[in-house]
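All heavy atoms count here, side chains included; hydrogens, waters and symmetry mates do not. On a predicted model such as this, the values are computed, not experimentally measured, just so you know. Quick note on labels: first sequence line is chain A, next is B, and so on, each numbered from 1.
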Amino acid sequence: MTAIKMSESIQYKNYILLKDRRYQDTHEWIKIIEGNKVRVGITDYAQKKLKSIVYVDTPEVGKDIEKGELITTVESVKAVGEVISPVNGKILSFNEKLEDDPSLINNDPYGEGWIVEVEVTNPSELDNLLDVEGYIEVIKKEEEE
Amino acid sequence: MRKTPFLNFHKEINASIGEFSGWTMPIDYGDMLQEALITRKSVTFFDISHLSRIVVSGKDALNFLQRLVARDIKKLNVGKISGPTAFLNQNAGFKDDVMVYRLTDLVFLIVGNAINHDKIVDWLNYNSSNYNVDIKDITFDTAMLALQGPQSTEKIKKKIGEKIKNLSPLNFLTNIKTKYGEIKLISYSGWTGEAGYEIICDIDVGEKILRDLYQEKILPAGLGARDILRIEMGYNLYGNEINENINPIEAKYWIFSWKKEEDYIGKKELFNILKNGVEKVKYGLLVKKGSPLPRKGMKIYIEDKEIGFITSGTFSPLLKTPIALGYINSKHSILGLKVKIFKGNKEINAKLVEPPFIKRL
């Protein structure tokens, strides 16, 4: 994989990770769009584990959320995945394209397959999340199990 | 744990390996929805070596099986498959649903569900004491493969030759010489609603066939696709739609012969049930597009009244909507009835339909 635009990518085993964002050990990524506004989605590892995604529950836009709280659920034929908020803040919007085509998450987990935009209470919270190396360790651990 | 003899091959071609009915086997090759679609559109191959294969032979083989299965197999010709039938228990519940192949006058092959393998081997032996029969389990010494899809006939002809030209549904050929070695049996039956062929052969022959099909760019499909395809057709899966406590009438699963004269285990109760009626019946549930998936065990409601439960749920890549199978209390057995399935606090809207969800064949 060399064609990922504008962002340096790293491959661990079969999984792509991008350097321009942070990660949570429950397999979400988070990236600052501008100011306090961030996007949250699930990682390439997470979508590959879930496989063909067929449904994303619409979260409540405008809702305040805390770090660790459930944002929404993502379903494939065989499993249901939870999207857990990596930060404190407020849900600004939901990627409505996912209502028609949940497979965007499989096809482009870090781009078109983003799930929600969140207004972060304090952007410095992101510093406490995992970088690429930290997240690779999480994958390694899970793969061992 | 049992495992398919071709586990290494599946790993080589990047299968996701999982467990099913005590077997380690391929669940998908990256995208089960796509695998199901390709099966509908063209052709895929499956490793179905987990299915149990038991040969019953001997002087009393016919009488013995007539006593155990619900279909009348005495008129079954050599080279023919019975169509779905079942071993029933005394309460007319399903011990296993199976296909019976008549190999010769006195030799039959029974193909059944992996999950019931040990139970059925025991059941056959337990019931065999008054019969002169030999029961031979060939599950672990042979492989079973399938080609499914509208192009399967063309592909199998190309691979095996014109010998199979005249094979029609529920027929099979035995001991076929091929470039891979001898194939013990090729049948035309299928579980997808498409044309489909099953091959039983030695393991080394099976490996050659699998590798050749893959090299020919025929795509593999796993158990995940198999499940989607059978739900699209409304076919029952043992452990989901049917079990020891479900009878064929509730399941609308016509595995018995109405006019079979001989007595068989479960017959008396089966006809009692027919006379007295049933408490619940199987339906398909066509789910509103864009809904979460109904899953096994979820309850079905009308307003706040529980009227049934889900036995299988999936997503149909062809219809692009979730579909499910389940049981509805007889009082609410009304085709077209609009129902709700609760998933946590989410409401899933669905309609009772008679499967298949898709029209085929």
How long is the span from the CD1 atom in B:Ile348 to the OH atom in A:Tyr55, to the nearest 0.5 Å?
-> 8.0 Å
Roughly how far, to the nearest 0.5 Å, is the OG atom of A:Ser52 from the CE atom of B:Met32?
-> 6.0 Å
Carboxylate-amine/guanidinium proximity below 4.0 Å for [X] and [Y]:
X        : Y       : value
B:Lys343 : A:Glu75 : yes
A:Lys51  : B:Asp31 : no
B:Asp28  : A:Lys78 : no

So, the part of B:Lys289 with a heavy atom under 4.5 Å from chain A: the answer is neither
Contact part of B:Asn14 toward chain A, heavy-atom cut-off under 4.5 Å: side chain, backbone, both or neither?
-> neither
Any chance [atom1] of [X] has more than 12 other-residue heavy atoms, nucleotides or ligands included, within less than 6.0 Å?
X        : atom1 : result
B:Lys252 : NZ    : yes
A:Lys67  : NZ    : yes
A:Lys48  : NZ    : yes

Would a 4.5 Å heavy-atom cut-off, applied to side chains only, mark B:Arg295 and A:Val80 as touching?
-> yes
Which portion of A:Ser103 sits near chain B, non-hydrogen atoms under 4.5 angstrom = neither
Residue selection (most heavy-atom pairs with chain A, distance under 4.5 Å) from B:Ile228, B:Thr314, B:Asp227, B:Leu33 | B:Leu33
